[in-house]
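Let me begin by presenting the structure, written as structure tokens, before commenting on it.
Remember, predicted model here, so these are calculated numbers, not experimental data. What you see below is based on every heavy atom in this structure, not just the backbone, and it leaves out hydrogens, waters and symmetry mates. Here is the naming used below: chain letters follow the sequence lines, and residue numbers restart at 1 for every chain.
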2 protein chains.
Amino acid sequence: MKHFSELSGAAERVVDVAEVLIQQAGYNGFSYDDVARQVGIKKPSIHHHFPTKADLVAVVAQRYTHRFRQELLGIEGKHAKAAQRLTAYAALFEATYAQDQRLCVCGMLGAEAQGLPPEVRQEVNYFFAANLEWLTHVFASGAAQGGLRLSTTPQAHAQLFLCALEGAMVVGRGGTPTMGPAMVGESLISLMLA
Amino acid sequence: MKHFSELSGAAERVVDVAEVLIQQAGYNGFSYDDVARQVGIKKPSIHHHFPTKADLVAVVAQRYTHRFRQELLGIEGKHAKAAQRLTAYAALFEATYAQDQRLCVCGMLGAEAQGLPPEVRQEVNYFFAANLEWLTHVFASGAAQGGLRLSTTPQAHAQLFLCALEGAMVVGRGGTPTMGPAMVGESLISLMLA
DNA sequence: GTCTATATAAAGATAGAC
DNA sequence: GTCTATCTTTATATAGAC
């Protein structure tokens with residue numbers, strides 16, 4: 001598969017637009033023509049960069065995951081305590097959601113997963129696995145350092161935290177203003193403070 | 001809008017099939033022809049019962065929400081303690097998820113909400129509002145009775161609980177086996193036991 | 001890299017017969 | 001209530017010129 005680091009300028013603009021469209025409407029909710037119009041080129045030019053829709057979306061997910069992992073490293077460099085890291089982690093989701101209630105790319109694709117091409121599913125899966133691994137480490141450290149009080153395994157806390165944030169982006173999108181990821185994350189963290 | 005209680009036998013079979021298709025692939029992931037084939041009739045017959053796709057999906061969501069509220073009443077009749085009610089509530093999500101990782105109808109439609117017809121969005125919104133109201137009451141009761149230890153408002157706990165369960169159905173659908181709604185719910189409940 | 005033109009299939013929806 | 005036939009639009013994708 002193509003790697004996002006090898007994209008030309010035009011191809012990168014295509015990925016930029018496709019990413020937002022996926023966050024808004026999902027894999028089945030946008031077309032090559034939507035992308036073409038927003039980028040300002042024609043449909044066949046999109047196919048030139050990404051022969052199939054599966055190619056395009058896989059690269060979108062790949063780049064999204066890579067950037068997310070960069071953010072995780074950034075959090076590790078900026079915060080020492082587990083609770084601070086979790087707050088910063090929730091803020092990543094909040095930053096996306098604050099832009100017109102955009103969804104996590106992989107949250108949206110995860111919901112649609114059953115009908116997606118394998119290469120896309122694989123990238124989505126990798127995103128969740130990487131996040132769970134990172135969160136598991138944070139919870140284990142928090143428990144060891146005494147800052148967090150766990151009621152079960154670090155793995156289960158990681159799963160719970162990720163699910164709560166992904167869910168926060170889905171719930172209430174219908175219209176009624178509800179709590180966003182940052183507040184949901186804060187509620188959960190407050191339950192685990194030692 | 002049509003009410004699900006007025007559906008003919010054939011129309012109800014259409015709704016049955018559409019419900020599962022929505023859970024698997026979402027609003028944009030299935031077609032009238034998919035429904036027609038599975039029901040065993042032709043496409044125009046579906047249009048006879050539901051002129052537009054928005055009509056059909058709105059009725060699916062409407063019936064889904066009604067049945068969910070019946071389940072909530074059932075839980076109230078079966079369990080007195082807040083913690084028990086929350087476990088039973090999580091089991092509702094687990095029962096759906098256990099069938100080929102089917103999603104909550106309104107979780108899926110919530111993710112797609114930005115591109116959906118207003119009448120569908122309204123039903124989805126009503127589902128979330130009804131669930132949050134019920135959960136808020138359970139948490140308030142649990143705190144008053146002393147069975148649950150809340151770190152913030154009952155409203156925030158309700159939001160957190162619903163988000164965690166909806167998220168649990170999305171995360172890990174990519175392939176890696178992770179925790180389902182029942183386990184995520186149990187992890188969260190264990191954090192709140194007094 | 002981008003375009004015009006085109007192929008092919010599928011989508012949502014309607015008309016009108018039975 | 002169901003069907004065949006059809007309309008119209010859109011989707012993904014390709015061929016080949018510039």
Presence of A:S45 side-chain N/O under 4.0 Å of C:dG1 phosphate oxygens OP1/OP2: no

Below 4.0 Å: OP1/OP2 of C:dA10 and any side-chain N or O of B:S31: no

Protein-nucleotide distance (B:N28, atom CG; D:dA11, atom P), rounded to Å: 11 Å

Proximity to the side chain of B:S8 - top-ranked nucleotide from D:dC3, C:dG12, D:dG1: D:dG1

B:L109 backbone acceptor or donor facing A:R173 side chain under 3.5 Å: no

Per-nucleotide protein contact string for nucleotides 13-18 of chain D, where B marks a base within reach and S marks sugar-phosphate only (heavy atoms under 4.0 Å, - for neither): BBB---

Close aromatic pair by centroid cut-off 6.0 Å: B:Y64 and B:F4: no

Interatomic distance where CZ belongs to B:R37 and P belongs to D:dC3 [whole Å]: 14 Å

Value rounded to 0.5 Å, distance of CD in A:E71 from NZ in A:K78: 8.0 Å

N/O (side chain, B:H48) to phosphate O (OP1/OP2, D:dG1) under 4.0 Å: yes

Stepwise side-chain contact (heavy atoms from CB on, under 4.5 Å) test for A:D16 and A:R63: CA-CA 10 Å; A:D16 290 341; A:R63 191 186 70 169; 2.8 Å; yes

Main-chain N/O of B:H49 paired with B:K2 side-chain donor or acceptor, under 3.5 Å: yes

Atom-to-atom span, CZ of B:F30 to P of C:dA10 - whole angstrom: 17 Å

Nearest heavy atoms of A:V184 and B:C163, plus distance in Å: CG2-SG, 4.2 Å

Distance, rounded to the nearest Å, where B:I41 contributes CD1 and D:dT4 contributes P: 12 Å

Atom pair distance, as rounded to whole Å: CG in B:D33 and P in D:dT10: 19 Å

Check: A:E166 side chain, A:C104 main-chain N or O, donor-acceptor pair, under 3.5 Å: no

Nucleotide nearest A:A10 when distance is taken to its side chain, options C:dT2, C:dT4, D:dC3: C:dT2

Distance, rounded to the nearest Å, where A:K42 contributes NZ and C:dT4 contributes P: 6 Å

